[in-house]
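Chain A is the first sequence line, chain B the second, and so forth, proteins listed ahead of strands; every chain is numbered from 1. Since this is a predicted model, take the numbers as computed values, not measurements.
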Number of protein chains: 2
Amino acid sequence: MEKRKRITIADIAKLAGVSKTTASMVLNGRASTFRIKEETRERVMAVARENHYSPNLHAKSLQANRSDAIGLVIPDLTNFGFASIARELEKLCRQAGLQLLIACSEDDPDVERQVVDGLIRRQIDGLIVASSQTSDEFYQTLTKQIPVLQLDRHIGQSALPLVLTDAAKVTADLIERIAASPVSEFYYFGGQLELSPSRHRLAGFELGLKRAGVDENPEWIRHRDYQPESGYEMMQQLHQELGRLPEALFTASYTLLEGVLRYLKEHNCLEALESKEMRLATFDNHDLLDCLPLNIDSVAQDSEKIAQTSFQLIRLLLSSQRVTPTSFALDANICWRSQ
Amino acid sequence: MEKRKRITIADIAKLAGVSKTTASMVLNGRASTFRIKEETRERVMAVARENHYSPNLHAKSLQANRSDAIGLVIPDLTNFGFASIARELEKLCRQAGLQLLIACSEDDPDVERQVVDGLIRRQIDGLIVASSQTSDEFYQTLTKQIPVLQLDRHIGQSALPLVLTDAAKVTADLIERIAASPVSEFYYFGGQLELSPSRHRLAGFELGLKRAGVDENPEWIRHRDYQPESGYEMMQQLHQELGRLPEALFTASYTLLEGVLRYLKEHNCLEALESKEMRLATFDNHDLLDCLPLNIDSVAQDSEKIAQTSFQLIRLLLSSQRVTPTSFALDANICWRSQ
DNA sequence: TTGAAAGCGCTAACAT
DNA sequence: ATGTTAGCGCTTTCAA
């Protein structure tokens, strides 16, 4: 495993009997622009191919002051939604000759700053971030140097461009239809209200109830964080309070749903879902939900569209000096399993 | 969004009234080695801090002929197991000042070569790959330049270092116990036999049967690929063949399990799992399995350990000129839900 | 104890 | 139509 010295453009030039400039032009496909003789062109190309020449991107980046790399910061790679977005973005970047640098913030604002700093040191040309910050101050400063795109989450009233799911709309549609069954109560388990998706999901929930003509009871709305344990504990408390299962429940994330299901399983209450005695719906989707005897309706975000939109937007920001920061709220789909 | 010129070490040197050399020494924490005067040291540090100096890693890499980046190639980021490994590896790398470049091969050998080529062009110092290749020729060549570590999958008889789960062992344990229930038949749905994990899982299955004293019937063993659709189709065919559900079934991956469940759900057969009339077990684990009324036993690979072991090994390979290539087969856990 | 200068591999003015 | 040269930001000999 000896680190054989890589072949450079100077080597190619020497072997082909031309200058570095000529070799460079040819290898960058700009031979015609500089009217390099066809014969020279081919000679250089042949030598390069034979020697498996591949340019040193660090040298290129150094002189171009551009790295052709962009950063993606998400809370957690094992979250299916974020993983889907990351996968699609990686593919789009690769096909465009860009390198996507993926890093996780663990939903911790401090960790988030650290990983962003790390990416900056790597000279990324742009950043896409699903932020856990409560203020966009940090990114307002950063965006003076490179374009920053908010993903999935809106930091406060930040004016930075933004791509996310129109959670309020789809949640309202989901809730309205279920509430019209009708139901006399509809509980809501959510995560941190500081995160914008939480607010939109809750707003959608309330709108849905209203449209179904159901009077909201403040008792129904409960918040903690998005850990499965929180779902478990909220379900436990609710069960104890009521002395029975709720008629209908919406969990604002897949992780919360998991906690709720774990509680129901442990207390042998899953039967209530199978018999539709208890209605359960959730934000976020999972293929496995199709395969269960549990009739759980869900909201499936369009990860592919989110990734594609983010990619187009960041490319635009990367190319032009000044783009009016635009934001996109994308439609999501409802997976009905109870009807 | 004007691209403000970043501050360089030359700027720092000028501002601090010293030479680039001195500034460099100080900023790399080697002030004492070169006995830079304490006062000078502090002046440089102060200037650097005030100006938020951060070194240009491309320049560093160019001159050091080292990028402090390593590549990770996996089939699919949305596969929970690979996502877990990627997350842990990213964290370990970040903490060690390395950048992890993650790319997906979509389980396609051609795509895999393309993404590896892309990473090589980015001058990665080392590569960790869960390969879909059937020959390690490509990597044998590559490893003459940079260390290559096989992850999760063993390419043929490749001598390249390797980290994976000891699938045969854990599968045998799982199958033995279930088969001893006893069962008179035990079906097996697997993916491509060209992939080493498939072979190990099958070997474990057969060993488990043997240890339980069950005579294997070749009819029980079925293979396709790891797509959920394949699980669905194998289940469909088996159901039709038998005219009833099998007594026991093992799926060699979570994706296959999903297909099987989808079939059972569509044909209203899930009840058979709840009543344990049909025994179902799978390789790979998912938290949701804990929350279902379905009694599915599973094998949980230790992603964290796999990531840590891989990281230690690649660092070793990176540091020393010549390490005896070592391989690790790590233990996995069984999640019992039927007992 | 510090500085000057060369060079990593590449591109782009400017020559020729 | 092709070559010469400077310089991107950094580290590292070698001098002073």
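The side chain to side chain contact (heavy atoms under 4.5 Å, CB included) search around A:Thr21 returns A:Ser19, A:Met25, not counting sequence neighbours. Scanning for side chain to side chain donor-acceptor pair (under 3.5 Å) contacts around B:Thr165 gives B:Gln301, with sequence neighbours left out. The side chain to side chain donor-acceptor pair (under 3.5 Å) search around B:Ser135 returns none, not counting sequence neighbours. Taking the side chain to side chain donor-acceptor pair (under 3.5 Å) definition, one finds that B:Arg94 meets it with B:Glu90, sequence neighbours left out. Under the salt bridge (Lys or Arg N to Asp or Glu O under 4.0 Å) criterion, B:Asp76 pairs with A:Arg87, not counting sequence neighbours. For A:Glu39, the side chain to side chain contact (heavy atoms under 4.5 Å, CB included) partners two or more places apart in sequence, or in a different chain, are A:Arg43.
The CG-C1' distance, from B:Asp68 to D:dC10, rounds to 14 Å in whole Å. In this structure, A:Ile9 places its CD1 atom 11 Å from P of C:dA12, rounding to the nearest Å. Atom C1' of nucleotide D:dC10 and atom CG of B:Asp11 are separated by 13 Å, given to the nearest angstrom. Between the CZ atom of B:Arg41 and the P atom of C:dT2 there is a distance of 12 Å, given to the nearest Å. Rounded to whole Å, the distance from CG on A:Asn28 to C1' on C:dA12 is 11 Å. Look at CE on A:Met25: it is 12 Å from C1' on D:dG3, rounded to the nearest Å. Protein atom CG of B:Asn65 is 14 Å distant from nucleotide atom C1' of D:dC10, rounded to whole Å. Rounded to an integer number of Å, the gap from NZ of B:Lys14 to P of C:dG3 is 14 Å.
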Can you name the atoms? Protein N/O to nucleotides 4-7 of chain D N/O, anything below 3.5 Å, with the distance.
{"from": "D:dT4", "atom 1": "O4", "to": "A:Thr21", "atom 2": "OG1", "distance (Å)": "2.4"}

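For residues 42-70 of chain A, the ring-ring contact (aromatic ring centres under 6.0 Å, His included) pairs, not counting sequence neighbours, are A:His58-B:His58. Among pairs with a residue in residues 110-119 of chain A, none fulfils salt bridge (charged side-chain N to carboxylate O under 4.0 Å, His left out), at least two apart in sequence or across chains.
Contacts between residues 46-59 of chain B and DNA chain C, defined by a heavy-atom separation below 4.0 Å, involve no residue at all.
For A:Leu62, counting side-chain heavy atoms from C-beta on, the closest listed nucleotide (C:dT11, D:dC10, C:dG9) is C:dG9.
Backbone-only contact: B:Thr40 has heavy atoms under 4.0 Å from sugar-phosphate atoms and none from a base.
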Could you please spell out the steps behind the salt bridge (Lys or Arg N to Asp or Glu O under 4.0 Å) verdict for A:Arg41 and A:Glu38? CA-CA 5 Å; A:Arg41 207 186 65 77; A:Glu38 180 60 18; 3.4 Å; yes

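Annotation: B:Glu106, atom CD; neighbour count of heavy atoms from other residues, nucleotides and ligands within 6.0 Å is above 12. Shown here is B:Gln95, whose CD atom has more than 12 heavy atoms of other residues, nucleotides or ligands within 6.0 Å.
Five base pairs at each end of the helix from C:dT1-D:dA16 to C:dT16-D:dA1 define two local axes, and these are offset by 50° (rounded to 10°).
The phosphate of D:dG9 (OP1 or OP2) has no side-chain N or O of B:Lys60 nearer than 4.0 angstrom.
Both B:Gly17 and A:Ala10 lie close to DNA chain C; mapped to their nearest nucleotides by heavy-atom distance, the more 5′-ward contact belongs to B:Gly17.
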Report, one line per pair, each donor and acceptor closer than 3.5 Å where one atom sits in a side chain of residues 306-316 of chain B; sequence neighbours left out.
{"from": "B:Thr309", "atom 1": "OG1", "to": "B:Lys305", "atom 2": "O", "distance (Å)": "2.7"}
{"from": "B:Ser310", "atom 1": "OG", "to": "B:Ile306", "atom 2": "O", "distance (Å)": "2.6"}

